[in-house]
Every structure is written in structure tokens, then in C-alpha cells.
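Data first, discussion second: the structure below is written as C-alpha cells.
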Amino acid sequence: MQARNLVARFLVEQMENDPSFFIYSAQNHRGDFKPYIHQQLLLWRLAPAEKIRTIVGDEIGLGKTVEAILTIKHLQKRGCKRFLLLVPKSLKKQWKGELQKFFDPIDIFELYSKNIPTLCHSNAREGVYLASIDTAKQDNNKPYIRSVDWDAVIVDEAHNLGSDSQRDSLISELDVKHKIFLSATPHRGDSRRYLRLLSHLDGRIKPKDSKFDSPNFYKKTHNALIHRRTKRLVNEIEGERIFPHCEVRAVVTEATEIEKTFSNEITDFLQSVLRRADDDSPVGLLVALMRKRASSSPRAAINTLERIIQPTQEGVAVKQTVAEKVLGESFEDVGEALENVDAEEVDDVYNAVFEKYREHLTPGEIARLSEFIKLAKEIENGRDSKLEVLKDILSLHVGRGEKVIVFTEYKDTLDYLWEKLSGSFRVVTAYGGLSENEYERRFMEFLENADVLIATDVASEGLNLQKANIVVNYEPPWTPIKLEQRMGRVWRMGQERDVTVYNLFLGTRSDEELAELLYTKMLRIRDALSDVKNIVGESIEWATSRVIESVEEMIDTSSLPSSVEYKNKVRRVTEHQLIKAQLQGELDDFVNAIMAHIDRLRFELSSKRIYPKDSAISVKSVANKLGLLPKKENEELVKMAISYILGEEWTGNPKIPQLLDRLKEFGDDAPEYLVVLSERDGVDYVGIAEVEFDSHVMRVPLIVTDEELLFGGNALSYLLNVAQSAVVPDDVYTRETLQPSEFKVKGGLMNVLNTLLAPLREYGFNVSVKHIEVDFICRILRLSSESLSSSSKYSANVGFTAEKFAEEYEKSRGRVFEERKTLREYDYYSYRKEEENLPEGRRESERYVEVKGHGKGGEFFGLPEEEYEFGKKAGKKYWLYLVWNVYEGNPVLVAFQDPLNRNLFNVQTKEEEIRIVRKVFVLTFKSQ
């Protein structure tokens, strides 16, 4: 039994129950996650809630997926058994990969329309069920989903709720205790819709009632119904740059004359087609898709135009409303469209639209397309200016040893880029339709061997792309939300380098207008890119950049309207409508209307205080109370503790399940007392508090000192420091009961809990602490190292009083205590009364006792040579009783069995002269 056993017991308790360390036990051997302060604090805030009903609204890239999974693991400890995860189809692969780092594969069920009737019923197996929300919402699937007794539902990209859609209907009909919504953009510029979203969490909210759309109400939701943190805040509370800077660049390359001709003529052509069409005609969608494809790459333009001229009559069937989602505001819209038509890539949807709606073009217009094909082929076979700039960018960054991701929306363009680049760079491609194994193989090839990954948006969803730090948007997104989502795939947790995002434009009339109005004007990417030609080559017309620390600095999606009114028309803010506005010559008006709306919404959001905006100071204050350490300090502390417990340096990952089993074995033999010399004397207590709420119990490891209660990293750090300088006694005796003040312990714990409960109570959730019970597993005796007078008279009095106290201790244990000082080898002989009829030497309980005392304290004590040698020889029958505070009114006796052979003390020899010179062995406590 050693001090390390106590550290093991405490660490295991923390890993299994304390939000500061819970992530270590929650994940399996596939995981490699460490706890950041914002993640620790979120779990602390959620843990006391009777019903967890909340939106985790952290900025993109802060680890919402992991936070949701940790909440699931926490709910499992409460006894919850069945969890439904509803996510966009495009994110299923990512979620499955993350879930496998925390759960056994047999406990993860991936739902499809084909297996929902089999897996979803009243006796469904326990586990985590993963489904596309657009599959689950379908009328033929919804009854099966509803039949399961779900304990919790988690909805990713929850901002898609709140519009009285089929998705909303599904969520409303699920009778679930716990609801966790995830969204980086929960408020999309529509307060009524936001309130409808919140009403899924609390049915008392009435979106049409003006009292809910008010600062007073929104303030109450902070850290209760919604939790939101930004990259800037995380950097500040972690004390280091967890998220490096991100520089967003808009690069306009010089266009050749043929490129200008092609772009200008096809733009004029599309404008003429649009002018003759009715406002609600599908022609608007058709020309918008043609505009995007024509500006992507010459290959995409050729394939598009040829498909319209000579349709194949193959491919998917598509409705106009579904096709419009491909040109929606976000990539979730794209995913929904693909799922509706069962397509793997947006190319399939585009081709279906071209074939379906080509009849709206006149024969003369279709014949004109052949001219554009000829121009596009000349560009492909000659100089493609945007491609050349891409090559310059790749040469620059690959030459620096950086990995680059090139995003394109289209498989046609991906194939084109691969053909043009693979001879000069080590390139890997990823696109929709690949098997999971092939995705994984290609991704690993990119990480280990390649320099460039060319990926469609469909394929890149779900990949952990933060190993790359250079992003090239070959077709710049038309909506801020799509740009934010692209950036977030790289600029996220785990990114170690500064991120650079290139948005490539061709120096044509239409592309320059897009760059100037959307990127320079609306997104304020205005700073001239210095030394531009050395960065991206000689053929640059102009380039601007902007460095940001948080996405909200550039793209505050909460103030981005879903629709705006201008020129007596209401238009949704989607790619479709923005492209249509450009072709109608109204893009500037549209952008001005959006910016004016943004200004109004920002004022509204600020004045209504819709989002919580915790300062780093306030977060650190709460973190200090709970002992939340920055990720790096937390990880180092855990490694130090494990190394100390194992007796060898631990450099591996401190979350392997087998390691936890080893720690539990050590913890089974934890001592009840530790003794440590200290400048202050007293008793500290190591305990586990059980806090009982209405229907669940929360275990809180803690340490009680004279001054305060310690939790989390503060508690573990204190215990580790004490343990390394402490010794473990075989028995302890005092006249007082070693128990802290119940009022102090429970009051201190309630003070901390009230900090967490206050937002929940202020909002109106009924959260009450029914009972607190604390089990103290170890007392740490801090004995004074301060010595008092050392005169012979003083020493004799101390020795006499210490011996009397030792006799008192022996009698309290039912033992016979006999003086043996005359032998000059030990002081007393003792044994249990039951063995008094047995001769000395045959008594199992017999002890040869040496008593040493301190008037107050001291760092050492001495044993003359004959006493030391006797103690070594007597072995397990030799006991050393050390008595502190003899003159301080509250003596403490600590007893050690066979201390000299067990190597409990540091031993030095010295010679001292009384009447003769004799050798004395000086013993001091030995660090462990």
C-alpha cells in the first residue's frame, strides 16, 4: 500500500466521473482526444440538468460532435440506453467515424430506409442509432422511428429546423426526455424561426408571442438553452493559440482574350435567355446552373453544353424545388437534394436539370451552344489562366512542405484538374460514390504520401482535413455560409498551422463583379495582398486578403438574412438567386439589400442579446472554481500522474481502456492515511461527493483543505504533489475524530454547484439538489516541520509525554503495554490481551515499539546505532511510533511497522557526543 495507490484511485474516479477528465475514459483505443476548457465546462453545465435540453451553438470547428458524444456517454452513466442521432446525409460518414472512437461497433446502428422497419421497434436494442434526418422524416419511416423508446435525440445542423417542415414534424412527435441540438449558426437572421427552433426544446415557448422575442427572454436562455463559444474565446481561455490565424484571399487572375470572349458571350447569352422567361419559370434555374458550370472549368462547360445539345435520356429524375437546393445557401441543402434523388454528386443533379429543362431553350439558342463549346475547347487545349494560377499556388506551398486541398463542386472539374496536375504534383482525388474503404485509403495516401487533395464538397464532408492548412476554392462559393463551411473543414480543432484560403476568380466581367461585390464589399476582404506576384505568380490582375481570428469577424451567419426585399421583390439569399440577380444586372442592388439587412439584424441581435457572449474573464473565473485546466496542462498532468502510479515514464496515450483497468487495480489498495511534513499542520481530506438530484446522482471527486475545496485539475495536482513527499502509516491515532465540518464541505460544494445551476434556474428549469453525501477515502495528515526548543529538559518532557500518549493509543486498541527501556534497543513491548497466556516470541500480535516525539514538529528524528540495528533485525515485529504536537494540545501518533526494512525513510548517519561518541541514524520522510 503506497501513496501512488491513492492517486490511482482518485484519478480513476476523475476519469469516470469528473467532466475535466471524463474524455479519457469515454473514448476507446481509436480515439485521440484531449479535453479543452470549453468542452470540460459544457459537460459540467449539462451534468446537473434533469432534462438536458440545449443547443450547442459553438462556432464551426470547436468540436461539437465530440461534445455531443461525451454527453451521450454521460447519459449512459445515468442509465440512458437508446440514442437517436439525426444528421444530414453528407455528415453520416463523419459521425460514424467519430462514434467508433467511443463505442463498440456492435452498439452503433446505421439506419437506412431498408433496415428501419427491422431495427426500429418497441424492443429495439440498446445503442446509438445514426440516421439521415431526411430519411427518418419520410412518412413511411417515421412510424418506426417513433415506436422506439428513445432516451435522447441529437440533431446536427439543427438550424434546418424551425420552419414547420417535415423535419420539425418528426422532432415534435418524438417523446424524448433529452434533446441536444448542434449548430454553428442556430440563428439564421430570422428570430421567429429561431424561437420555433427553441420551442422544440421547451414547449412553453410561443414563437408568435412578442414577450419571447425580447432581451429579457434571450438573456435567460444563455448557458441554459444555448451554449456558444468562438475560436477567439477558446484561444483566450486556453492561454495559447489553439486556433491559428486564418487569412482569406480573393485572387483575380488576368484572363486571355479568348477567355474573356467565352465568358462575356455566354454571360450575354444567358442574360438574353433569362430576359424572355417568366419570373417563376425553370429557365432561371437552368441558366444559373449553366453560369456556374461554365465558370468552373472548360471541361465542365463542354460537358454541360454537350449534354444540353445531345441529351442521353439517362440519369436521375429531379423536381425543380429539389434542384434549386443544389444552389441553396449551404452544403446541407446540396446534401438534401442528393438524397432526394439518390445521387452521388451534384453533377448528376445538374445533368438531370439540363435534360429536363432544355426544352425551354429555343432551337436557335441550343444551336448557339456549339459556338461556346468550340471556345471552351480552345481554352482547354491552350492556356487556362485560372489553372496556371493554381499551379503557382501549389508550387509555392508544396515547396514549403504544406499540404493543400483544392475544393471543387463538380466531378467534371475534379477529373480535369487531376489530368492537368498529376504530372507535376503528388495528387489524390476524392468524390462522391467511392466506398468507405476507398475513401479511407485515398485519405491515408494524402496524409502519408501526397501533397494535394482535390475533393468535391460531397466527398470532403466527414473527412478530418486539418492536416492540411492551405485551401483553394477553385470555384468561390456564392454564399457566405458555404464559404464558412469550406473554411471550417480545415480551420478547426487540431489545426496547428496558420490557414490560408484562396478564392480564385478569372479576370472577366462576371467573375470580377462577383469578387468585388461579394468578397471585397460584403465580406470586407479588402487589404491589398502585398508582394502578390511573388506569392501567386505574375499573371495576377489584383488580389486582396483579410486575416481573422474567428469566423464571426467576417461571416456573422446569425445576422445573414434568409431573404431580403429590394425593388419590390423578395428574394432568398441563395446561390440561385444571387446568380440570377447578376444575370439580370441587379447583383449590386441585391448585395446592398443584404448588407443593409445585416446591419439591421446585427443591431437587433446585439440589442436583444440573442447569443451568449461570455468574456474570457468570466469563463476563467468559473473554470478556476471547477479546476478546469487548459488542454496542454490537463494532458501533462494526467501523464505525470500515470507515470507516478506506474513507476515509469508514461509517454503513450493516457486513455487506453487497458490502462484504465491497470489503474483500477492500483486503486483497489488505496491507503486511508497519508503523512506529510508541511509548513502548516492540519488535516486535508480526499473524498467523493455524491450529489443527488431529482432522478440522477452526480459523483464529484474533491479534496478538502483548511482554506478551500479543490476540484478537477487543482485537486489532482495537489494530490500528486503531496503523494510524492508523503509516507503511508500503518495506523494513526488522535483524540479527535478526523472529519471536516459538514457545513463547510456541503456549503462549499453547493457554492460551486450554484454557479452551474444559476443559468438553469434563472431560465425556469426545475433543478434542485436533494442530498449530498461525501465519502472520505483518505486523510492527509500535514505534520509541522517546525521544531521547538531542543534543551535536554525539554526533550525529556517531550519524550515522557509522547510515551504516555503511545500508551493511551495501545490501550485504545486493547493491547498490553510493557516498558523495556533498560534494554536500550527499544522502548516498549506490547501485545493483544487475548494472547497474554502465550510466551513472548509466540504471540502473533506482539510489537517491539520505539516511541519518538516532537513538541510541535520536526523534519527528522534519530535512532542510536543499537536501536537501529535492533529495528532492522526485529523486522515486522518492530514498530515505530512518531508523536507530533506533544505540546500543542492535539497530539497525533502515526505508527509504522518494520519501517527500516521497508525503506520508508531516508537514512543518514552522524556522530554525536553525550559523554561518549556514538553513532546515530537520522531518519527523515522519504519522497515517493
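Residue numbers run from 1 in the order of the sequence given. Computed from a prediction, not measured in an experiment: that's the story for all the values here.
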Taking only residues two or more places apart in sequence, or in another chain, which ones meet Y718 in a ring-ring contact (aromatic ring centres under 6.0 Å, His included)?
-> none

Stepwise salt bridge (Lys or Arg N to Asp or Glu O under 4.0 Å) test for E635 and K639 = CA-CA 6 Å; E635 183 181 7; K639 286 184 177 181; 3.7 Å; yes

Begin from the C-alpha positions of L659 and L646 and carry the test side chain to side chain contact (heavy atoms under 4.5 Å, CB included) through to its verdict.
-> CA-CA 10 Å; L659 172 64; L646 300 181; 4.2 Å; yes

Atom NZ in K81, atom CD in E126: separation rounded to 0.5 Å?
-> 5.0 Å

Cation-aromatic face contact R820/Y826, 6.0 Å, 45 degrees | no

Between R847 and Q897, a side-chain donor and acceptor under 3.5 Å = no

Start with the C-alpha gap between R779 and Q739, add the side-chain angles, then the distance that decides, and say whether side chain to side chain donor-acceptor pair (under 3.5 Å) holds.
-> CA-CA 9 Å; R779 276 81 172 160; Q739 192 76 7; 2.7 Å; yes

Do you know which two heavy atoms are closest between A152 and L75, and how far apart they sit?
-> CB-CD1, 4.1 Å

NZ/NE/NH1/NH2 to OD/OE distance under 4.0 Å, K872 and E869 = no

Could I get the full list of ring-ring contact (aromatic ring centres under 6.0 Å, His included) partners for H696, not counting sequence neighbours?
-> F693

Without hydrogens or angle criteria, can the side chains of Y24 and N634 be said to hold a donor-acceptor pair below 3.5 Å?
-> yes

Would you tell me whether Y829 and E840 have side-chain atoms, one donor and one acceptor, within less than 3.5 Å of each other?
-> no

Are the charged groups of E240 and K632 less than 4.0 angstrom apart, N to O?
-> yes

Under 3.5 Å: donor-acceptor pair, side chain of H854, backbone of W884 = no

Without hydrogens or angle criteria, can the side chains of S830 and E810 be said to hold a donor-acceptor pair below 3.5 Å?
-> yes

Return the minimal non-hydrogen interatomic distance between I37 and I237, and the atom names on each side.
-> CD1-O, 3.4 Å

Is K631 salt-bridged to E633, going by a charged N under 4.0 Å from an acidic O?
-> no

Carboxylate-amine/guanidinium contact K770 D694, below 4.0 Å = yes

Distance-only polar pair, side chains of H771 and E773, donor-acceptor under 3.5 Å | yes

Salt bridge check: are R813 and D731 linked by an N-O gap of less than 4.0 Å?
-> yes

Contacts of Y809 that satisfy ring-ring contact (aromatic ring centres under 6.0 Å, His included) - sequence neighbours left out | Y733, Y881

Verify, without hydrogens or angle tests, whether N721 (side chain) and S717 (backbone) share a donor-acceptor contact under 3.5 angstrom.
-> yes

Kindly indicate whether the side chain of F22, heavy atoms from C-beta on, has any atom under 4.5 Å from the side chain of K73.
-> yes

Is T755 close to L626 at the side-chain level, that is, under 4.5 Å between some pair of heavy atoms?
-> no

Partners passing ring-ring contact (aromatic ring centres under 6.0 Å, His included) against F103 (at least two apart in sequence or in another chain) | none

Report yes if some heavy atom in the side chain of E690 is under 4.5 Å from a heavy atom in the side chain of D775; otherwise report no.
-> no

For N5 and P671, the nearest pair of non-hydrogen atoms, with its separation, is CB-CD, 4.2 Å

Sequence-distant partners of E636, salt bridge (charged side-chain N to carboxylate O under 4.0 Å, His left out), two or more places apart | none

With R832, which residues qualify under salt bridge (charged side-chain N to carboxylate O under 4.0 Å, His left out), at least two apart?
-> E834

Of all heavy-atom pairs between V676 and S725, which one has the smallest distance, and what is that distance?
-> CG2-OG, 3.5 Å

Salt bridge between K852 and E867, side-chain N to carboxylate O under 4.0 Å?
-> yes

Heavy-atom neighbours of E672 CD exceed 12 at 6.0 Å = no

Side chains of V683 and I780: does their closest heavy-atom pair fall under 4.5 Å?
-> no

Derivation of the side chain to side chain contact (heavy atoms under 4.5 Å, CB included) call for R815 and S845 | CA-CA 9 Å; R815 302 178 63 84; S845 66; 3.9 Å; yes

So, do V704 and D684 sit near enough that their side-chain heavy atoms are less than 4.5 Å apart?
-> no

Test N766 against R761 for side chain to side chain donor-acceptor pair (under 3.5 Å), laying out the working first.
-> CA-CA 6 Å; N766 182 22; R761 289 170 172 165; over 6 Å; no

Is the closest side-chain heavy-atom distance between L838 and Y831 below 4.5 Å?
-> no

Could you give the distance from CD (Q39) to CG (L43), rounded to the nearest 0.5 Å?
-> 10.0 Å

For the atom pair CG (D104) and CG (N28), what is the distance rounded to the nearest 0.5 Å?
-> 8.0 Å

So, do V886 and K804 sit near enough that their side-chain heavy atoms are less than 4.5 Å apart?
-> no

Pair E16 + K664: basic N to acidic O under 4.0 Å = yes

Under the criterion ring pair (Phe, Tyr, Trp, His ring centres under 6.0 Å), which of F905, Y673, W879 is the partner of F896?
-> F905

So, do V691 and V700 sit near enough that their side-chain heavy atoms are less than 4.5 Å apart?
-> yes

Take L6 and F666 through the test side chain to side chain contact (heavy atoms under 4.5 Å, CB included) and record every step on the way to the result.
-> CA-CA 8 Å; L6 175 63; F666 275 95; over 6 Å; no

Pick one: which of V686, I703, I688, V745 meets side-chain contact (heavy atoms from CB on, under 4.5 Å) with F776?
-> V745

Taking atom CZ of R125 as the centre, report whether more than 12 heavy atoms of other residues, nucleotides or ligands fall under 6.0 Å from it.
-> no

Hey, do the aromatic rings of F870 and Y848 have their centres closer than 6.0 Å?
-> yes

Basic-acidic side-chain contact under 4.0 Å: E835, R843 | no

Between CD of E808 and CD of E803, what distance do you get to the nearest 0.5 Å?
-> 14.0 Å

Could you give the distance from CG (L863) to CG (L900), rounded to the nearest 0.5 Å?
-> 6.5 Å

Lys/Arg-Asp/Glu bridge criterion (N-O < 4.0 Å) met for R824, E866 | no

Check the pair D706 / R782 against salt bridge (Lys or Arg N to Asp or Glu O under 4.0 Å), numbers first and verdict last.
-> CA-CA 11 Å; D706 290 343; R782 287 183 284 98; 3.0 Å; yes

Working to the nearest 0.5 Å, report the span between CD of Q40 and CZ of F21.
-> 7.0 Å

Say whether N754 and N751, considering side chains only, have a donor N or O and an acceptor N or O under 3.5 Å apart.
-> no

